[in-house]
Asker: 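Here it is, the structure, as structure tokens.
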Amino acid sequence: MGQKLYWLSEAEWKRIEPLLPRGRRGAHRVDDRRVISGILHMLRSGARWRDCPADYGPYTTIYNRFNRWSRQGVWGNIFYALTGSTGRVGTMSIDATHIKAHRSAAGAKGDFQQAVGRSRGGRTTKIHALTEDYGRPIAFVITPGNCHDLTAARDLLPAVSPARRLLADRAYDANSLREWLAERGTKAVIPPNPTRKHPHRYDVKAYKGRNLIERMFCRLKDFRRIATRYDKRADNFLSAILLVAAVTWWIN
């Protein structure tokens, strides 16, 4: 029985093709659609790059394109071009998920600079994300796994337009964040930490919508190279997340 391969559909290709780099010097690029389909196949399967099916061409072409465009920020540009600017969002959710770092992710200079942290659970990376009303991701940041969620929130939130309300779990219950959100005109829907002497009230019904971001992470982890981190460099791992998110939520 033959291996099931991943190919971008006509509709998907029409959305992504205009966003690809044009007019660059150097040798003529081979079929972009075939190469990007090969990259997505490898991200989904979690296999080694050298095990890339021959249908996509030489594995060196597939890996080198992914690696080069990752360094150049192309995958990030595609993601943020597709998400666009929709103005003021009604409801945003923020959350994070831990990713186990495989032993092959070790070896790059400075683990912490490459967003790999050490704790009792081993070597991990944490993906932080923001989603909009429909649960589609609009921003990502990765940090070492032992980094607190609030640290990444200070990088994520200023990168997007203010929302009318922000849904988050107890890890984000800090006076500094609540005050900052209030200054931006955003209502904090965050359950109070049990240790608070004077708990804040929050909209319990609205808070139920936070399940959308949890479901987003589940779909993201359907791609095995995201469910487990194999990349040594942080920019490559973040690029994989951005490419998968663009294809899964923004070009269909």
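Numbers here simply count residues along the sequence, with the first being 1.
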Asker: Could you give the distance from CD1 (I226) to CG (L238), rounded to the nearest 0.5 Å?
Answerer: 10.0 Å
Asker: Considering all heavy atoms of both residues, which atom of F217 and which atom of A129 are nearest to each other, and what is their separation?
Answerer: CZ-CB, 3.7 Å
Asker: Checking R178 side chain against I190 main chain: does a donor-acceptor pair fall under 3.5 Å?
Answerer: yes
Asker: May I ask you to decide if L8's main-chain N or O and S37's side chain share a donor-acceptor pair within less than 3.5 Å?
Answerer: yes
Asker: Please answer whether the main-chain N or O of C147 pairs with a side-chain N or O of K126 as donor and acceptor at a distance below 3.5 Å.
Answerer: yes
Asker: Does atom NZ of K187 have more than 12 heavy-atom neighbours, drawn from other residues, nucleotides or ligands, at distances under 6.0 Å?
Answerer: no
Asker: Between OG of S45 and NZ of K4, what distance do you get to the nearest 0.5 Å?
Answerer: 13.0 Å
Asker: Answer yes if the side chains of N236 and R225 hold a donor-acceptor pair under 3.5 Å, and no otherwise.
Answerer: no
Asker: On the ring face of W250, is R136 found with NZ or CZ under 6.0 Å from the centre and within 45° of the axis?
Answerer: yes
Asker: Checking the side chain of T97 only, and the main-chain atoms of I127 only, is there a donor and an acceptor separated by less than 3.5 Å?
Answerer: no
Asker: Do you know which of Y59, Y63, Y230 makes ring pair (Phe, Tyr, Trp, His ring centres under 6.0 Å) with W49?
Answerer: Y63
Asker: Check this for me: R224, atom CZ, are more than 12 non-hydrogen atoms of other residues, nucleotides or ligands nearer than 6.0 Å?
Answerer: no
Asker: Out of curiosity, E214 CD to T131 OG1, how far, rounded to the nearest 0.5 Å?
Answerer: 10.0 Å
Asker: Which distance, rounded to the nearest 0.5 Å, do you find between the NE2 of H98 and the CG of N146?
Answerer: 7.5 Å
Asker: For a side chain to side chain donor-acceptor pair (under 3.5 Å) with R33, tell me which candidate from E12, E10, E17 qualifies.
Answerer: E10
Asker: Relative to each other, are the rings of Y202 and Y207 parallel, tilted or perpendicular (30° and 60° limits)?
Answerer: perpendicular
